[in-house]
Amino acid sequence: MNQTSAIVLKPGKEKSLLRRHPWVFSGAVGKVTGTVKAGQFVALLSADQNFLGWAAFSPGSQIRARVWSFDEDRPVDAALIGEKIHRALKKRESIAKRSDALRLLHGEADGLPGVICDRYADWLVVQFNSAGALTLKSTIIQELIAHTGLKKIYERTDSDSLALEGLKVSCGPLTPQAKAALEETSTISIVENQIHYKVDIVEGHKTGFYVDQRENRALVKQLARGSVLNCFSYTGGFSLSALKAGAKRVVSVDSSASALALGLENAKLNGLDVHQSEWIEADVFKQLRACRANGETFDLIILDPPKFAPNAASVERACRAYKDINILGMQLLNPGGDLLTFSCSGAVSTDLFRKVVAGAGADANINMQVISNLSAGLDHPIDLAFPEGEYLKGIHLRRSE
Ligand code: SAH
């Protein structure tokens, strides 16, 4: 911590910080006093020199600084990081009883900007997505080991946002225990909602699994019946839930052959009747049209696409894509059928997503009822002061009879 250096904001730019929003955009910075290196923690001051927070400097990012502590008496040190990790783990105790795959640290919402940690059984998979997170890497790992007792730690700092932060990809085992275990296999077995999954922490997407959809997979376990179409299935999370629920035909569509192969392996692992499942490697946009041309219909359709809008500039195009798949999804539903439709684009707000899906219903000329709004589980907390954290939004709709 360098107490003589500081980041000083332009006049009036302190308002969002006073509401405890942790980001400082480049346009808000008036000056940086002293020599401040990337990832260094310094005081963040308003133009009239009032203390706002202890922030990490990110010269390579449009988000020029992120606040890790709003308390002047609590500069960022190992003790503070330990406390934050302790609080984060405590919040998740009840989820840990139901699943051994869960998010332990969720960046800004846990007061640890850019830090992600997912637990898979006795493994921790971590990402350091901000300059400050990188500075604290060894402290965070030590505190994670101290608070969880787990020693197999693997780094997957390879998210799309790294380039925007001016940071480099860094992947690999972080402990000797992780290195030794990886010589056997990179596939971890986990149990979620009484379903077994194999998760590839080295080659899989994100940290290996979409832990954020746990509660929605549980919903599918309640809803599934008849025929189910799971679009953008990845390794079959929703598909397995549907098969387990007794659906007669479950079609999974994804562009990744390896994800589909692991999905089939997961179905076998659970002793499910794989003859009731179809794993189709295809582009969902084309496959939905093919289903329509063939006159296929379904009782439950899941649309869980990748992030169509990685930034604000791509929102319009993304909305056209969301609308397209939702029109097709609605058309393929049997009367009384359920549609679970998602967006994980942080740049597309809940309101906008609702409007786009409503537009799809209007264009398809199909009446749909909103049954509930869906989101990530409580291990992906949303800080009221930080709405950007609410990236996953979904709607459970039912087609009128
Ligand atoms: N529903 C999944 C997660 C989906 S992630 C779960 O619960 O685990 C998005 C998936 O979409 C990825 O597996 C990716 O391979 C796939 N994908 C991306 N673009 C696609 C496209 N145009 N057609 C088919 N699959 C696509």
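Just so you know, ligand 1 is whichever comes first in the structure, and atom 1 is the first atom listed for that ligand. Note that the numbering runs from 1 along the sequence shown for the chain.
Closest to atom 19 (N) of ligand 1 among all protein heavy atoms lies P306 CG, 3.8 Å. Closest protein heavy atom to atom 1 (N) of ligand 1: D304 OD2, 2.7 Å. At the top of the distance list for atom 21 (C) of ligand 1, counting protein heavy atoms only, stands D283 OD1, 3.5 Å. Considering only non-hydrogen protein atoms, atom 23 (N) of ligand 1 sits nearest to V284 N, 2.9 Å. Here the heavy atom of the protein found nearest to atom 7 (O) of ligand 1 is R217 NH1, 3.1 Å. Here the protein heavy atom with the shortest distance to atom 15 (O) of ligand 1 is D254 OD1, 2.6 Å. In terms of protein heavy-atom proximity, atom 4 (C) of ligand 1 is closest to F232 O, 3.2 Å.
The proximity of A259 to ligand 1, defined as any non-hydrogen pair under 4.0 Å, does not occur for either the backbone or the side chain. Using a 4.0 Å cut-off between heavy atoms, A282 contacts ligand 1 through its backbone alone, with no side-chain atom that close. With a heavy-atom cut-off of 4.0 Å, H205 touches ligand 1 through its side chain alone. Under 4.0 Å from ligand 1, not a single heavy atom of F209 appears.
Annotation: K137, atom NZ; neighbour count of heavy atoms from other residues, nucleotides and ligands within 6.0 Å is above 12. The environment of CG in D160 is sparse: at most 12 heavy-atom neighbours from other residues, nucleotides or ligands sit within 6.0 Å.
Nearest to atom 25 (N) of ligand 1 by heavy-atom distance, out of G236, S255, C231, S252, is S255.
Summarising the geometry of N270 relative to N266, their closest heavy-atom pair is ND2-O, 2.8 Å, with the distance given to 0.1 Å. For T135 against Q40, the heavy-atom pair with the smallest separation is OG1-N, 4.4 Å. Of all heavy-atom pairs spanning A133 and W68, the tightest one is N-CZ2, 3.6 Å.
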Please step through side-chain contact (heavy atoms from CB on, under 4.5 Å) for the pair L340 and L223, ending with a clear verdict. CA-CA 10 Å; L340 303 189; L223 284 177; 4.1 Å; yes

I'd like to know whether I81 forms a side-chain contact (heavy atoms from CB on, under 4.5 Å) with L112, so could you lay out the CA-CA distance, the side-chain angles of the two residues, the decisive distance to 0.1 Å, and finally the verdict. CA-CA 8 Å; I81 298 300; L112 298 161; 3.9 Å; yes

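Using a 4.0 Å cut-off to heavy atoms of F238, the atoms of ligand 1 that qualify are 1 (N), 7 (O). Of all atoms in ligand 1, listed by their number and element, those nearer than 4.0 Å to a heavy atom of S256 are 15 (O).
Polar contact with ligand 1: absent for N230 (N/O pair, distance under 3.5 Å).
Between R320 and E316, at least one side-chain N (NZ, or NE/NH1/NH2) sits under 4.0 Å from a carboxylate O, which counts as a salt bridge.
One side chain, D118 or T207, offers a donor N or O that lies under 3.5 Å from an acceptor on the other.
Contact between V253 and ligand 1 is absent, with no heavy atom of the residue lying under 4.0 Å from the ligand.
Ring centroids of W23 and F386 are separated by less than 6.0 Å, placing the two rings close together.
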